Amino acid sequence: MSDIVSDNSHDQHAVRRQKLADLRAAGVDPFRANANPTHFSADAIKAYVPGQENVVAVAVAGRLVTIRDMGKSQFVKILDQQGQIQLYVKKDVVGDDAYAAFKKLDLGDIIGASGTLFVTKTGEVTVRVDSYVLVSKALRPLPEKWHGLSDPEQVYRQRYLDVIVNAESRARLLLRPRVISHIRRFLEARHFIEVETPVLEATAGGAAARPFKTHHNALGADFYLRIATELRLKRMLVGGFDRVFEIGRIFRNEGVSRKHNPEFTMMEVYQAYSDYRGMMDLIRDLLTSLVRDVVRPADGSLKLKHAVSGHDIDFGAPWREVKYKDLIREATGDADWFARSKAEKIAGAERLGLGINTAWEEFEITNEIFSKKIEPNLIQPTFVTHLPKELCPLAKITRDDPTTIDVFELIIGGMEVAPAYSEQNDPDVQRQMFEAQAGEERQNIDQDFLLALEHGMPPAGGMGLGIDRLCILLTGAESIRDVILFPQLRNAAPA
RNA sequence: GGCUUCCUAGCUCAAUGGUAGAGCAGCUGACUCUUAAUCAGUAGGUUCGGGGUUCGAGUCCCCGGGGAGCCA
C-alpha cells in the first residue's frame, strides 16, 4: 500500500513515484507492458455504426488527458495522434480489481484499452472498456487542463507538453508535415525530381548571408553550413536533371526574430527551359492548391486570416504584379527617383523617416525604402518584378532595362515568401556579375560553380520557397517559432 | 548588440513597500451517462539567482540568467 505522509501529498512527482513503486512491488512494470491498438481515435469514432450499441469492437491507446470519476464508473479521455476519444470504464464490467487499479491512474498515464463502441446520451461516441493496460506511467503532472501551457518559454522548450494540452498548437504543427507532403506530390506530378545536396560546403554561396562555420577533423579543413541550395541544384541542371527540387534545412548566422530562425527550411526548385514567368504559374498553382486542399478554409473560400495585420489574405483573387521601380516611385512620390544623386536619395529616404547609413550603396538606400515602407504593407499575394540587378548576381539581366533582372519576389502578409529568377546561364556574364557585387548583398564566389556553367546550363526558371514563412501564413501564426517544433533558444539556466 | 518589459505553488494567475492568495491539478472521502462533472474536507512557496536600500522587499535599486516585443 502507498504510505504517503501528508507532508508529501502535494508533491505530485513524489506521489507518482510512490505509485510506480507500489506497482513494481505488486509485480507490475508499466514500462514493459504494451498495447495492441486496432484503431487511432478518429478512426475508431468513424467505425461506430449508428444504432449498433456495443457491437463494434476496437482497441485504442493513448495518454489519459481527462478523468471524470463518478465512484463506480468513470468517463476518461485519451489522446493519440489523431486526437481524443472518450472511454467509459465501469466497475461491474472490468471487475473489482481492475477497477480499483484504474482509479489509481493519473492524468498523463499512457494506457491501452479495448471494448465496444456506443453513443452517450449527449451523442459522443465512446468506448465501453472491457479491459485495459497501463503501458507507461507518467511521473510528472500535465499542465492545467483549461488554460493549457501558455508560458512561451516552456511551450518552446517542452513542446511535447504544448502539443498534449494545446489543441491549436497540435493542429498548427500537424499542418506543416501535410504542407510538405503536398508540395512533394505537387512537384512530382509535374515530373520534378527531389534531390539531396550537401549541408557542409567549402564555399557558402547562392545567397548573401553570414554562414555558420565548422571544422572537419579528418580532412583538416573548415566548412560552412549551407546558406542556400541554389548552386548545387544548378549543377544538376548542367548534369541534365531538368526538373529538380530540394526541401532542406538552411543555416544563416544572423538575428533571431518573429520571421527568422537560424536554421529554417527552404524548398528550392529549378525547371529547365522555363523562366521566372513560368515560376509565377508554378507558385500560384502550388499555393492555391495548398489553401484549397490542405488548409481548406471552412467557408469554402481561398481566404486566410493574417495574424499580424488582421486582414484576410485572398489567394483566390488575381495576384498583383508590379515592378519594383514603380513601387519605389509610388512610395517616394518621385517619378525620377532612379535618376537622383546619392545625396538626394539619402534625403528622400530620411524624409520617409528612415535612418540611412551614408556608407550604403545607392541600391541599398533604395532597398531600405522597399523593405521598411513597401514590403510590410503588401499583404495580398504580390509579385514584385524587375528588381535592381545589384540585389542578386544569379539572375538574367532584363533585355530592355540593363539595370534590372528578370525576377520576382512573391510577397504575402508583408513577408518575402518566394523569390524566383530567370537563371543566369552565361558563364562570362555570371562571372562579371559576381565580380561587380557591392554592399551587403555580396555573395561568395564559387569557382567550381562557374566551371560547371562553362559546360553549359540550360535556360531555366528557379525559385525558393520559405517553408516556415509559408506555414506562418497557412496557419495564421504570429511567429516563426509557432511553426517550428523546437525553435532556437539560449541554453536554459543550469538547474 | 541596444531599448522596453516579464519571471510568484505542478499549471493559469492575484497580492498600495506592511501576515504571499485563488482556480485547476494533488491528497482524503461521496457519487454507475460525465463534458472545464459535481459535493465535502485537506495539504502545498528558496516569489529565477546574487547583492543593496529600508524598521520592513514578491514589490524599489544594482549585477547575473532566461523569455517576449521593438530597434541595429
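Computed from a predicted structure; not experimentally measured. Letters A, B, ... are given to chains in the order of the sequence lines, protein chains preceding strands, and every chain is numbered from 1.
With P as the reference atom, B/rC11 and B/rC55 are 37 Å apart, rounded to whole Å. B/rU28 and B/rG44 are spaced 15 Å apart, taking the C1' atom of each and rounding to whole Å. Taking atom C1' in both B/rU8 and B/rC3, one finds a spacing of 26 Å when rounded to whole Å. Rounded to whole Å, the C1' atom of B/rA22 lies 11 Å from the corresponding atom of B/rA15. Distance noted for atom P between B/rA68 and B/rA30: 47 Å (whole Å). Nucleotides B/rC62 and B/rU53 have their P atoms positioned 15 Å apart, rounded to a whole Å. Across B/rG64 and B/rC24, the matching C1' atoms stand 34 Å from one another, rounded to whole Å. Taking the C1' atom of each, B/rA40 and B/rU35 are spaced 22 Å apart, rounded to whole Å.
At the heavy-atom level, A/Tyr99 lies nowhere under 4.0 Å from the strands shown. Using a 4.0 Å heavy-atom cutoff across all strands shown, A/Glu124 reaches at least one base atom of the nucleic acid. The residue A/Arg481 sits close only to the backbone: its heavy atoms come under 4.0 Å of sugar-phosphate atoms, none of a base. Among the atoms of the strands shown, base atoms are found under 4.0 Å from some heavy atom of A/Lys121. Residue contacts shown for A/Gly255 are absent, as no nucleic acid heavy atom lies under 4.0 Å away. Using a 4.0 Å heavy-atom distance criterion, A/Leu489 is classed as a sugar-phosphate-only contact. Across all strands, A/Ser150 comes closer than 4.0 Å only to sugar-phosphate atoms, never to a base (heavy-atom distances).
Between the P atom of B/rA9 and the CG atom of A/Leu149 lies a distance of 14 Å, rounded to the nearest Å. Between the CZ atom of A/Arg128 and the P atom of B/rU32 there is a distance of 16 Å, given to the nearest Å. The separation between A/Gln86 atom CD and B/rA37 atom P is 11 Å, rounded to whole Å. The NZ-C1' distance, from A/Lys91 to B/rC33, rounds to 18 Å in whole Å. Rounded to an integer number of Å, the gap from CD1 of A/Ile164 to P of B/rC11 is 14 Å. We find that CG of A/Asp69 is positioned 15 Å from C1' of B/rU35, with the value rounded to whole Å. Per the geometry, CG belonging to A/Leu107 stands 19 Å off P belonging to B/rU34, to the nearest Å. Between the CG atom of A/Asn166 and the C1' atom of B/rU12 there is a distance of 11 Å, given to the nearest Å.
Ion pairing of A/Glu263 with A/Arg249 is present here, as a side-chain N (NZ or NE/NH1/NH2) and a carboxylate O approach within less than 4.0 Å. With salt bridges taken as basic N to acidic carboxylate O contacts below 4.0 Å, none links A/Asp92 and A/Lys72. Using a cutoff of 4.0 Å between basic side-chain nitrogens and carboxylate oxygens, A/Asp334 and A/Arg329 are not scored as salt-bridged. The pair A/Asp106-A/Lys137 counts as a salt bridge, with a side-chain nitrogen and a carboxylate oxygen less than 4.0 angstrom apart.
Comparing atom distances between the A/Met70 side chain and each of B/rU34, B/rA68, B/rG44 picks out B/rU34 as nearest. Nearest nucleotide to the side chain of A/Val15, out of B/rC27, B/rG69, B/rA36: B/rC27. Checking B/rA68, B/rG66, B/rU32 against every side-chain atom of A/Lys72, the shortest atom distance belongs to B/rU32. In the set B/rA37, B/rC11, B/rU32, B/rU32 carries the atom at the smallest distance from any side-chain atom of A/Ser73. Comparing B/rA36, B/rC27, B/rC11 by their closest approach to the side chain of A/Lys145 singles out B/rA36. When each of B/rC33, B/rG67, B/rA25 is scored by its nearest atom to the side-chain atoms of A/Thr120, the top-ranked nucleotide is B/rC33. Checking B/rA43, B/rC11, B/rU34 against every side-chain atom of A/Pro143, the shortest atom distance belongs to B/rC11.
A sub-4.0 Å separation between OP1 or OP2 of B/rU32 and a side-chain N or O of A/Lys90 is absent. Close to B/rC27, at under 4.0 Å from its OP1 or OP2, lies no side-chain N or O of A/Gln12. Distances shown here put every side-chain N or O of A/Arg140 at or beyond 4.0 Å from the OP1 or OP2 atom of B/rC11. For A/Arg16, no side-chain nitrogen or oxygen approaches OP1 or OP2 of B/rG26 to under 4.0 Å. The phosphate of B/rC31 (OP1 or OP2) has no side-chain N or O of A/Lys103 nearer than 4.0 angstrom. Remark: A/Arg68 is in phosphate contact with B/rA37, judged by side-chain N or O atoms under 4.0 Å from OP1 or OP2.
Only A/Lys372, listed by number, bring a heavy atom of residues 343-376 of chain A to less than 4.0 angstrom from any atom of RNA chain B.
The two residues A/Ala208 and A/Glu441 make their nearest non-hydrogen contact at CB-O, 3.4 Å. Taking each heavy atom of A/Glu478 and A/Ala307 in turn, the nearest pair found is CG-CB, 3.6 Å.
A donor-acceptor contact under 3.5 Å is not formed by the side chain of A/Thr66 with the base of B/rU34. Residue-to-nucleotide contacts include a donor-acceptor pair under 3.5 Å from the side chain of A/Asp92 to the base of B/rU32.
With a cut-off of 3.5 Å on both pairing distances, the Watson-Crick or G-U wobble partner of B/rG64 is B/rC48. Summarising the base pairing, B/rC24 is matched to B/rG10 through a Watson-Crick or G-U wobble pair whose two defining distances lie under 3.5 Å. Applying the Watson-Crick and G-U wobble criteria (two distances, each under 3.5 Å), B/rC3 pairs with B/rG69. A 3.5 Å limit on both hydrogen-bonding distances identifies B/rG18 as the Watson-Crick or G-U partner of B/rC55. Nucleotide B/rC33 forms no Watson-Crick or G-U wobble pair with any nucleotide shown, as no partner meets the under 3.5 Å limit on both distances.
A/Val308 places none of its side-chain heavy atoms less than 4.5 Å from the side chain of A/Met415. Looking only at side-chain heavy atoms (C-beta outward), A/Pro30 and A/Leu23 come within less than 4.5 Å of each other.
A/Thr120 and A/Thr126 share no side-chain donor-acceptor pair at under 3.5 Å. Defined by atom type and a distance below 3.5 Å, a donor-acceptor pair is missing between the side-chain atoms of A/Gln154 and A/Tyr156.
A cation-pi arrangement is not found for A/Lys90 relative to A/Tyr99, the charged atom failing to lie both closer than 6.0 Å to the ring centre and inside a 45° cone about the ring normal.
When each of A/Glu144 and A/Phe75 is assigned the nucleotide of RNA chain B bearing its nearest heavy atom, the one mapping closer to the 5' terminus is A/Glu144.
Classification of the A/Tyr324-A/Phe370 ring pair by plane angle, with boundaries at 30° and 60°, yields tilted.
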